[in-house]
There are 2 protein chains.
Amino acid sequence: MPEMHEPFIETDAAGRLYDRRVREHLRRDVPENEVAATEALAALRLASHGFRNRMDRWLERHDMSEGRLSVLWRLRAKGSLTLGEVAESLDVSARNITGLVDHLERDALVERFPDPEDRRAIRVRLAPAGKQKLADIKREMGSARHGMVAGFTDEELSQLRHLCLKLAQNTIAHRELEKV
Amino acid sequence: MPEMHEPFIETDAAGRLYDRRVREHLRRDVPENEVAATEALAALRLASHGFRNRMDRWLERHDMSEGRLSVLWRLRAKGSLTLGEVAESLDVSARNITGLVDHLERDALVERFPDPEDRRAIRVRLAPAGKQKLADIKREMGSARHGMVAGFTDEELSQLRHLCLKLAQNTIAHRELEKV
DNA sequence: AGGTAATATTGAAGTACTTCAGATATGCCA
DNA sequence: TGGCATATCTGAAGTACTTCAATATTACCT
């Protein structure tokens with residue numbers, strides 16, 4: 001049996017999980033009023049790191065990545081978009097989308113074409129193979145996702161969604177303020 | 001006034017936030033029993049993406065990155081570690097830690113030294129400048145974090161921590177199973 | 001109608017992450 | 001005691017992300 005990680009996720013008196021390492025770190029010298037925020041954000045980081053790694057591994061079987069898949073979903077929703085619109089929609093740089101679309105184009109999953117109204121812009125749309133790839137992924141995604149949320153009630157998933165979007169709202173509001 | 005993002009985070013009848021784009025996508029053809037999980041995981045992705053970008057921008061002022069900062073915190077907690085131990089602790093590849101420690105060493109924030117008991121291994125510890133850097137960052141981190149969790153009650157933060165760690169447990173359990 | 005600031009995409013250069021392979025060292029077993 | 005499997009770190013090569021600058025184009029203002 002290979003060596004396992006030393007467990008660091010424990011349950012407190014109220015029945016809630018906490019990260020022992022973070023709590024030990026906090027005991028040193030983090031002000032009391034920052035404990036809850038620090039622990040929550042550290043947990044968010046841990047969860048998303050694990051989730052992303054898990055998704056990466058799963059998507060490898062489809063010769064896909066999360067970044068490229070996001071582009072495909074967005075194109076499926078919108079029909080076609082300029083590269084800039086894709087970038088804004090996914091909150092990444094236009095340079096990044098250039099690379100992701102290069103890769104998707106190389107795999108024949110999308111097609112680039114000129115924007116009829118703006119000769120600077122390039123539009124992109126799903127190719128038939130891209131539509132098929134999304135159908136294939138969707139067919140199997142359910143069971144993968146099911147494993148990731150094993151043990152969660154619908155109420156917990158709803159609450160997780162709500163709290164994450166509340167956090168996202170803060171980061172979006174902050175970013176919009178920085179534009180001014 | 002620069003153009004703002006079209007708002008996509010809305011509130012449902014129960015007073016909970018949801019991502020309109022995800023919900024529209026779900027209405028097409030995602031099975032009912034997968035809706036809650038899909039929405040929760042999409043929200044987690046959005047929150048962590050925004051949080052990470054926000055942290056990146058904030059850490060730039062300290063000439064730091066999240067990856068390198070994680071290394072520093074871990075060294076502060078443990079005194080010294082081998083590069084492999086840092087990698088395992090942060091759930092990243094040893095190759096990645098080599099690069100992060102290269103950068104930290106170049107900035108004189110850490111020091112590498114031979115492991116007295118294993119000539120293959122290299123240990124790393126905080127340099128005095130690293131300790132100072134952590135002190136500087138800690139002094140200001142509170143207000144940055146405060147902004148990120150504006151509008152959250154301690155109860156919500158505790159619940160967010162719990163739900164994220166519950167998710168993290170699933171990804172950790174899955175990864176340990178893959179080792180067998 | 002011309003000039004100029006802004007926009008869209010991509011080339012260049014960088015960081016953070018991955019996998020794989022190589023060099024050196026360790027530990028275990030026969 | 002020697003052989004072999006495993007461990008540790010890093011070089012090589014790759015992806016996904018960033019910023020900045022360059023080129024071509026658009027839009028607006030005088």
Side-chain angles (χ1 to χ4, degrees), chain A residues 1-3 45 48-60 62-72 81-107 112-124 175 178-179, chain B residues 2-3 45 48-60 63-72 81-107 112-124 175 178-179:
Chain A
M1 179 69 107
E3 247 180 276
R45 184 185 293 115
S48 81
H49 178 81
F51 168 45
R52 164 160 301 145
N53 285 351
R54 178 92 177 259
M55 280 298 297
D56 283 347
R57 224 165 298 280
W58 190 86
L59 287 170
E60 266 163 16
H62 293 272
D63 204 20
M64 182 60 60
S65 71
E66 271 214 296
R68 280 178 265 134
L69 183 61
S70 296
V71 173
L72 294 182
L81 291 164
T82 66
L83 299 191
E85 287 166 340
V86 180
E88 187 175 4
S89 170
L90 297 180
D91 186 32
V92 297
S93 70
R95 185 60 195 76
N96 185 29
I97 295 302
T98 295
L100 293 173
V101 170
D102 280 348
H103 196 143
L104 290 167
E105 202 178 30
R106 190 186 314 140
D107 292 345
R112 272 183 167 96
F113 63 100
D115 187 298
E117 291 172 17
D118 188 337
R119 286 184 298 173
R120 293 171 297 182
I122 290 176
R123 303 194 75 80
V124 59
R175 190 176 67 233
E178 282 183 340
K179 283 179 179 173
Chain B
E3 246 179 278
R45 185 184 294 116
S48 82
H49 179 81
F51 168 45
R52 166 161 301 149
N53 284 351
R54 180 96 175 254
M55 281 297 297
D56 281 348
R57 225 164 298 280
W58 190 85
L59 286 170
E60 267 164 14
D63 204 20
M64 181 59 59
S65 71
E66 270 213 296
R68 280 178 265 134
L69 184 61
S70 296
V71 173
L72 294 182
L81 291 165
T82 68
L83 300 190
E85 287 167 341
V86 180
E88 188 176 3
S89 170
L90 297 179
D91 186 32
V92 296
S93 71
R95 188 59 195 80
N96 185 27
I97 295 302
T98 295
L100 293 173
V101 170
D102 280 348
H103 197 141
L104 290 167
E105 203 178 30
R106 192 185 314 142
D107 293 344
R112 271 182 167 98
F113 63 100
D115 186 299
E117 291 171 18
D118 189 336
R119 285 184 296 173
R120 295 172 294 183
I122 291 175
R123 302 195 75 82
V124 58
R175 188 176 67 235
E178 282 182 339
K179 282 178 179 173

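Below, read A as the first sequence line, B as the second, and so on, with proteins coming before strands; counting in each chain starts at 1. For clarity, every value in this text was computed on a predicted model and none was experimentally measured.
Comparing A/Glu85 and B/Arg119 by the nucleotide of DNA chain C whose heavy atom lies nearest to each, the residue mapping closer to the 5' end is A/Glu85.
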For this session: Assess whether side-chain contact (heavy atoms from CB on, under 4.5 Å) is satisfied between A/Glu88 and A/Glu85, documenting all intermediate values.
Result: CA-CA 5 Å; A/Glu88 187 175 4; A/Glu85 287 166 340; 5.7 Å; no
Exercise. Given B/Asn96 and B/Ser93, is the side-chain contact (heavy atoms from CB on, under 4.5 Å) satisfied, shown in steps?
Worked result: CA-CA 5 Å; B/Asn96 185 27; B/Ser93 71; 3.5 Å; yes
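Every residue two or more places apart in sequence or in another chain that forms a side chain to side chain contact (heavy atoms under 4.5 Å, CB included) with B/Asp115 is listed here: B/Thr82, B/Glu117, B/Asp118, B/Ala121, B/Arg123. Here A/Arg68 pairs with A/Met64, A/Ser65, A/Leu100, A/His103, A/Leu104, A/Asp107 under the side chain to side chain contact (heavy atoms under 4.5 Å, CB included) rule; sequence neighbours left out. Every residue two or more places apart in sequence or in another chain that forms a side chain to side chain contact (heavy atoms under 4.5 Å, CB included) with A/Arg112 is listed here: A/Leu83, A/Thr98, A/Val101, A/Asp102, A/Glu105, A/Ile122. A/His62 is linked by a ring-ring contact (aromatic ring centres under 6.0 Å, His included) to A/Trp58, counting only residues two or more places apart in sequence or in another chain.
Here C/dA6 presents its P atom at 17 Å from CG of A/Asp118, a figure rounded to the nearest Å. B/Glu117 places its CD atom 14 Å from the P atom of D/dC9, with the value rounded to the nearest Å. Rounding to whole angstrom units, CG of residue B/Leu59 and C1' of D/dT19 are separated by 17 Å. Atom CG of B/Asp63 and atom P of D/dT19 are 15 Å apart (whole Å).
As judged by a 4.0 angstrom heavy-atom cut-off over every strand, B/Arg52 is placed among residues making no nucleic acid contact.
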Exercise. Once each nucleotide of nucleotides 15-24 of chain C is scored for protein heavy atoms under 4.0 Å, what B/S/- sequence comes out, 5' to 3'?
Worked result: SSBBB----B
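Here B/Arg123 does not reach the OP1 or OP2 of D/dC9: none of its side-chain N or O atoms lies under 4.0 Å away.
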